[in-house]
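Working notes, beginning with the structure itself.
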Number of protein chains: 2
Amino acid sequence: MASPKQFEPASGTRDFLAAEFERREHAFSTIRTVFSRYGFQPLQTPAFERLDVLTGKYGDEGDKLVFKILRRGEHEATGEADLALRYDLTVPLARAAAAYGSQLPSPYKRYAIAPVWRADRPGKGRFREFVQCDLDIVGSSSPLSDAEVVLALHDALEALGVPEFRFLVNSRHVLFGLLEAYEVPDELGPGALITLDKLDKLSPEAVVTELVTGRGLSPEMARGLVDDLTAADSVARIRGRLKASEGGQAGLDEVDRLLELTEGAIPAERIGFAPNLVRGLDYYTGIIFEVVAPGTPGSIASGGRYDGLIGRLGGKDSPACGGSLGIERILPLIAQADEAAYSQIDVAVTIMGEEQAADSFRLAAEIRRTGVRTGVYLGSSGKFAKQMKWAGEQGARFCVIYGAAEREAGTVTLRDMESGEQVQVPFDQSAAELSRRCTPSS
Amino acid sequence: MASPKQFEPASGTRDFLAAEFERREHAFSTIRTVFSRYGFQPLQTPAFERLDVLTGKYGDEGDKLVFKILRRGEHEATGEADLALRYDLTVPLARAAAAYGSQLPSPYKRYAIAPVWRADRPGKGRFREFVQCDLDIVGSSSPLSDAEVVLALHDALEALGVPEFRFLVNSRHVLFGLLEAYEVPDELGPGALITLDKLDKLSPEAVVTELVTGRGLSPEMARGLVDDLTAADSVARIRGRLKASEGGQAGLDEVDRLLELTEGAIPAERIGFAPNLVRGLDYYTGIIFEVVAPGTPGSIASGGRYDGLIGRLGGKDSPACGGSLGIERILPLIAQADEAAYSQIDVAVTIMGEEQAADSFRLAAEIRRTGVRTGVYLGSSGKFAKQMKWAGEQGARFCVIYGAAEREAGTVTLRDMESGEQVQVPFDQSAAELSRRCTPSS
């Protein structure tokens with residue numbers, strides 16, 4: 001006898017039954033509509049890439065999480081891999097941008113909503129197969145591009161019905177300028193930023209200690225940086241501090257320009273300068289942003305400008321910016337709105353005996369042709385009660401009964417499943433009547 | 001310098017750029033609408049399964065084509081696999097039916113449109129990643145179920161706009177009855193059917209020879225079977241021959257019942273009894289069918305009843321039937337209808353200098369809010385001719401020009417990209433005007 005365990009999907013993966021599937025598809029479709037409205041175009045790449053396309057792109061920790069595919073046939077015994085499941089949607093974008101460069105519009109604005117696979121330890125809300133939802137603009141260094149990415153993500157979050165969220169915006173140039181203002185030596189900068197990124201998790205004291213003992217900053221630098229970034233009037237202080245740094249000033253201009261361009265389209269309370277936003281990834285080169293929502297740890301969306309990354313990933317060196325919706329985190333935030341019971345069909349057609357079966361079946365076909373979702377009873381029991389139970393479970397709004405009496409009279413009985421009310425309708429008018437009573441499904 | 005080869009997708013896989021992606025999605029969406037109308041519900045399973053779920057399910061040849069995933073971390077060096085990419089959608093259905101049995105409606109009518117992966121030798125029209133499109137009814141032995149599968153596939157082919165196609169219907173019982181009528185020993189039956197399945201590829205003589213020398217039939221049996229199946233009046237001859245076989249007669253009844261149930265819904269010229277249809281797979285137990293289209297070798301859809309398979313694949317033993325659209329073969333048949341140039345946006349907003357940039361950008365946001373797909377020029381060149389070229393390449397129907405003169409006058413210039421005609425519109429009425437002129441995209 002099989003144990004239930006053997007029927008579960010593989011660890012860290014999920015099956016989606018109808019209601020959940022429809023809920024997810026509905027969200028994806030909402031996002032696609034918004035992104036299309038901005039002129040972003042879809043790109044679909046294969047589930048797997050040649051191993052060399054992915055290797056060395058995600059750092060040591062990332063490389064360990066790549067699912068590798070064993071060579072086949074006579075090569076299987078070598079135990080070697082030649083292919084791997086995609087780990088994100090950015091490396092495939094870089095490959096495709098290089099492959100189809102001349103066929104693509106310039107700049108190339110693309111979106112992708114697709115699963116990626118990571119051999120992470122599965123846990124609550126952490127999966128080995130999960131959907132990423134990315135949009136990127138490759139080939140434009142215009143500040144309008146950064147603003148467009150932010151606006152498109154904003155509109156998507158709004159269209160999805162995420163109740164509360166806020167964009168935190170910064171620029172890597174602001175951070176570099178701050179390090180410059182405190183005369184942090186260049187070679188200590190990247191490490192210092194990684195530690196400063198922990199200000200949302202660790203106490204200011206702990207961050208100061210790590211900056212000094214772990215990153216080699218002087219206690220004055222460490223204290224000054226942490227004080228500036230955690231002060232109540234942090235924005236004003238940093239604006240003052242950056243007067244001394246040309247690069248820092250340019251960073252402030254980037255942030256101000258983005259806020260100006262999104263003014264009106266994004267309510268002021270939904271977006272703001274957050275000088276303490278660092279973003280751990282070192283490939284960002286300009287604007288960076290995250291979207292936070294009350295009650296959700298971490299961010300529900302993020303992105304920024306990453307000039308140079310496409311080139312490093314194997315594509316042609318191009319300015320680029322982009323963002324990503326953390327759709328697996330967003331879906332639970334909007335689930336309540338969709339909790340209505342999933343209904344399978346609008347009309348249930350019963351089968352009241354062998355003689356009427358073919359006519360009932362044909363009637364179902366006629367009802368469907370009007371666009372109404374229609375099920376026919378396919379069980380072996382002819383019992384009326386059993387068929388009514390089935391109709392109810394399917395969520396049908398109307399049930400069609402065509403027994404011997406109806407056949408003789410040339411009618412069918414339509415039963416309203418909610419009220420229990422029944423009416424007689426001429427057989428050949430019943431499809432039209434049901435179509436009138438039901439909102440077509442498509 | 002990178003060679004183009006290194007940017008290609010892995011052998012046997014494809015990238016889908018926007019136009020192709022949209023064409024495919026449109027077809028999938030058409031199919032989903034039809035299947036939903038029949039009350040089939042979607043099921044989505046993960047891309048990979050535990051290796052033991054797939055092993056031994058596809059025969060020796062099939063097993064070799066399964067993409068296996070290497071174990072990870074410290075186990076990677078073993079060269080062993082513990083997971084594998086799904087090879088079809090039927091084994092995952094059997095697993096899910098076993099896992100969620102009590103939560104699922106009975107019978108369980110599910111569809112799935114999703115990629116599968118097979119390590120086949122790539123070739124023209126043969127891919128290692130391709131989409132399968134299945135619908136199945138698990139838990140009903142009613143002949144209405146077989147008819148419903150056939151009807152749903154028929155409606156999908158019609159909705160997709162496949163210009164010409166025909167259902168060939170048979171029953172495994174007809175074939176078994178024919179073997180019985182010719183007194184072919186039971187143990188030779190399955191082999192004989194595999195050879196008879198080649199009647200559409202080999203000459204009748206070659207099939208007779210193979211039946212005798214390869215399958216051990218007597219020359220009389222072989223000649224009789226081949227003559228019956230290839231005769232001009234084959235249907236009539238076989239109806240006569242099967243008078244001697246009770247099982248064969250039951251098979252004829254199955255076929256006749258299916259034809260009766262689909263009468264009216266499927267035009268008579270689109271469906272017929274084809275006694276020489278065998279279907280290679282030995283798991284079919286009743287009705288079998290294929291759909292053929294002129295100019296396409298093989299079939300564009302197929303299916304049948306396969307009572308017992310769900311149990312053999314690890315699920316609860318259940319009657320079942322289903323069918324599959326060969327969507328990768330069907331897409332080229334319907335491509336012509338969609339050849340219209342892919343348009344990225346409806347409205348192109350130009351950027352005529354630094355001062356107007358923010359206002360132009362905000363105007364774009366306003367146009368989008370009316371549902372119109374709107375692109376903003378994100379290049380670095382401000383040259384008008386270059387921006388017009390961009391607008392044309394994007395397929396924009398209208399172009400918005402907001403230069404210094406327009407700014408002063410409080411207007412924008414709308415240019416019809418086809419006629420070249422230009423009109424001046426007050427700035428704050430331009431979004432509404434464009435919305436009126438464009439059909440919203442959603």
Side-chain angles (χ1 to χ4, degrees), chain A residues 7-10 13 15-18 21 33 36-37 39 41-50 67-70 72 79 81 83 95-96 98-100 105 107 119 129 137 140-142 144-145 148 151 260-261 264-265 344-345 358 361-362 365 368 373 375-376 378-380 393-394 441-442, chain B residues 7-10 13 15-18 21 33 36-37 39 41-50 67-70 72 79 81 83 95-96 98-100 105 107 119 129 140-142 144-145 147-148 151 260-261 264-265 344-345 358 361-362 365 368 373 375-376 378-380 393-394 441-442:
Chain A
F7 297 133
E8 283 175 16
T13 69
D15 293 320
F16 297 110
L17 302 185
F21 176 84
T33 302
S36 304
R37 207 170 281 167
Q41 50 178 266
L43 168 68
Q44 187 173 46
T45 63
F48 55 69
E49 297 280 348
R50 283 187 308 279
F67 280 107
K68 296 175 185 159
I69 296 173
L70 205 54
R72 295 148 302 281
L83 302 167
R95 179 184 59 68
Y100 310 106
E129 174 179 73
I137 302 178
S140 167
S141 52
S142 165
L144 299 180
S145 301
E148 207 167 76
L151 279 181
E260 182 203 358
L261 288 170
Q344 202 46 53
I345 50 173
F361 194 76
R362 266 193 286 274
R368 279 183 200 117
R373 297 175 308 160
V376 175
L378 299 174
S380 50
E393 282 168 357
Q394 297 281 300
S441 60
S442 63
Chain B
F7 297 133
E8 283 175 14
T13 69
D15 294 318
F16 297 110
L17 301 185
F21 176 84
T33 302
S36 303
R37 206 170 282 166
Q41 50 178 267
L43 169 68
Q44 188 174 45
T45 63
F48 55 70
E49 298 279 350
R50 283 188 308 279
F67 280 108
K68 295 177 187 159
I69 296 174
L70 205 53
R72 294 148 303 280
L83 301 167
R95 180 185 57 70
Y100 310 106
E129 174 179 74
S140 167
S141 52
S142 164
L144 298 180
S145 300
E148 206 167 78
L151 278 182
E260 182 203 1
L261 287 170
Q344 201 46 55
I345 50 174
F361 194 77
R362 267 193 285 274
R368 277 182 201 119
R373 295 175 309 159
V376 175
L378 299 174
S380 51
E393 282 168 359
Q394 297 280 300
S441 61
S442 62

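Hydrogens, waters and symmetry mates play no part in the numbers below; they use all other heavy atoms, side chains included. Quick note on labels: first sequence line is chain A, next is B, and so on, each numbered from 1.
Distance check, rounded to the nearest 0.5 Å: CZ of Phe21(A) to CD of Gln41(B) gives 11.5 Å. Between the NZ atom in Lys68(B) and the CD1 atom in Ile69(A) there is a gap of 12.5 Å [rounded to 0.5 Å].
A pairwise comparison of heavy atoms in Phe361(B) and Leu144(A) identifies CE1-O, 3.5 Å as the closest pair. What you find for Ala10(B) and Leu83(A) is that their closest heavy atoms are CB-CD2, 3.8 Å. Counting all heavy atoms, side chain and backbone alike, Glu8(A) lies closest to Arg50(B) at O-NH1, 3.0 Å.
The shortest side-chain heavy-atom distance between Gln394(B) and Pro105(A) falls under the 4.5 Å cut-off.
Between chain A and the options Ser380(B), Gly79(B), Ala96(B), Gly264(B), the largest number of non-hydrogen pairs under 4.5 Å is found for Gly79(B). Chain B forms the most heavy-atom pairs under 4.5 Å with one residue out of Thr45(A), Ile345(A), Leu378(A), and that residue is Leu378(A). Contact count against chain B (heavy-atom pairs under 4.5 Å) is highest for Pro9(A) among Pro9(A), Ser142(A), Ser140(A). Ranking Ala265(A), Gly375(A), Ala365(A), Ser145(A) against chain B, the residue ahead of the rest is Ser145(A), based on heavy-atom pairs under 4.5 Å.
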Next on the checklist: Could you go through Leu43(B) and Leu17(A), starting from their C-alpha distance and side-chain angles, then the distance that decides it, and tell me whether this counts as side chain to side chain contact (heavy atoms under 4.5 Å, CB included)?
Outcome noted: CA-CA 5 Å; Leu43(B) 169 68; Leu17(A) 302 185; 3.5 Å; yes
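In this structure, the portions of Leu261(B) lying under 4.5 Å from any heavy atom of chain A include both its backbone and its side chain. Residue Arg362(B) touches chain A through its side chain alone, counting heavy-atom pairs closer than 4.5 Å. Contact of Arg72(A) with chain B is made through the side chain alone, with heavy-atom distances under 4.5 Å.
In terms of modelled atom types and a separation under 3.5 Å, the side chain of Arg95(B) and the main chain of Phe7(A) share a donor-acceptor contact. Panel note: side chain Glu260(B), backbone Ala358(A); no donor-acceptor pair is recorded below 3.5 Å.
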